[in-house]
Protein chains: 2
Amino acid sequence: MTASRIHRLGDLQLHIMQVLWDRGEATVGDVHAALPGTRALAYTTMATMLRKMEARGLVKHRLEGRSFVYRAAVAADVVSRGMADHLVDRLFEGSLADMVNHLLKTREVSREELVRLERLIAERKQRL
Amino acid sequence: MTASRIHRLGDLQLHIMQVLWDRGEATVGDVHAALPGTRALAYTTMATMLRKMEARGLVKHRLEGRSFVYRAAVAADVVSRGMADHLVDRLFEGSLADMVNHLLKTREVSREELVRLERLIAERKQRL
DNA sequence: GTGGTAACACTACCCAGGTAATTGAAACGA
DNA sequence: TCGTTTCAATTACCTGGGTAGTGTTACCAC
């Protein structure tokens, strides 16, 4: 449950979270360096973002020397779940099948992916 | 393709779109009346929102008497697709299977839904 | 015609995400 | 010791979603 679902996360914030989930810990500089070169953002932008995110409870930091070392304060799957659920609820009235149906209709899907899906569903049925 | 994906839509805007998709056309008053009573919003809020949405190209209006009759300017599935794709890309690097896997792990899913999913995937495999 | 009401128009907020310059302090290097 | 770099802190600004008050007009009922 983890107190008040997270379902809104901007692109930048999500990228930052992904870096943190990936590395466990990272300084502002690390995060800045780790981000996709496609859009070169200022170092200060990262710093500001991280502070805002800490205020919101998404990350925490500790001091090491005079650097802030950040880490995620929420687990990746809690966030994924919050966001995915929110979308399923908003768009498909909570029906996973409707969502998948829609995705299958509108996206390219490889045979491998379909096979994987079949297997996932079969497994899930066992576990019912 | 409909020019530039729509992947950001706030809750209110999405609700409004759903009303329009549902009815085809609706006046501000209709939309206002149709919205979930849970949060009673002012009539003017709807009017403002609809004007903003028109500026963004989400809806159009025509004049009938002195009322604006709004209709959606983008199709429901284009929007669903934009939003769903965006999420799949952001959270699961574009892998539908990863997304479904995640959802299957973290959500309650009924046997019926699993069966429906199986069928959907089987059908999709045919059509490959 | 006059007054109420139903419509849009305009304007103003708030908030959060995103972006960054500026400032100030600490550390480091010569 | 003095300049340069490296950090964090502060501040500011833009955008878009959301919310609504106020203003204005047009129309309908008396």
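Residue numbers begin at 1 in each chain, while the letters A, B, ... track the order of the sequences.
Using modelled atom types, one finds no donor on one side chain facing an acceptor on the other under 3.5 Å when comparing B/Asp77 with B/Ser80.
Atom pair B/Asp30:CG and C/dC8:P shows a separation of 10 Å (rounding to whole Å applied). As rounded to whole Å, 14 Å separates atom P of C/dA16 from atom CD1 of A/Ile6.
Using a 4.0 Å heavy-atom distance criterion, A/Ala47 is classed as making no nucleic acid contact. Within the 4.0 angstrom heavy-atom criterion, only backbone atoms of the sugar-phosphate kind lie near B/Arg56; the bases stay farther away. Within the nucleic acid shown, A/Leu41 comes within 4.0 Å of sugar-phosphate atoms alone, with no base atom in reach, counting heavy atoms only.
Distances were taken from every side-chain heavy atom of B/Thr44 (C-beta onward) to each of C/dG18, D/dG21, D/dG18; the shortest belongs to D/dG21. When each of D/dC7, C/dG17, C/dA7 is scored by its nearest atom to the side-chain atoms of A/Ser67, the top-ranked nucleotide is D/dC7. Among the nucleotides D/dT11, C/dA7, D/dG17, the one closest to the side chain of B/Gln13 is D/dG17. Side-chain atoms of B/Met49 lie closest to D/dT19 of the nucleotides D/dT19, C/dT19, C/dT11. When the nucleotides C/dG18, C/dC8, D/dT19 are ranked by their closest atom to the side chain of B/Leu12, D/dT19 comes out on top. The listed nucleotides are D/dA20, D/dA8, C/dC8; the one nearest the side chain of A/Val28 is D/dA8.
Put simply, B/Thr45 has a side-chain N or O that comes within less than 4.0 Å of OP1 or OP2 on D/dA20. Residue B/Tyr43 places none of its side-chain N or O atoms closer than 4.0 Å to OP1 or OP2 of D/dT19.
Separation of atoms NE2 (B/His15) and CG (B/Asp11) is listed at 5.5 Å; rounding is to 0.5 Å. Put simply, CG on B/Leu12 and CE on B/Met49 are 5.5 Å apart, with the number rounded to the nearest 0.5 Å. Going from atom OH of B/Tyr70 over to atom CZ of B/Arg62 covers 12.5 Å, rounded to the nearest 0.5 Å.
Below the 3.5 angstrom threshold, one finds no donor paired with an acceptor across the side chain of B/Arg66 and the base of D/dT25. Residue-to-nucleotide contacts include a donor-acceptor pair under 3.5 Å from the side chain of A/Thr48 to the base of C/dA20. Under 3.5 Å, the side chain of B/Lys52 and the base of D/dG18 form at least one donor-acceptor pair of N or O atoms.
The shortest distance between side-chain heavy atoms of B/Met83 and A/Arg90 falls below 4.5 Å.
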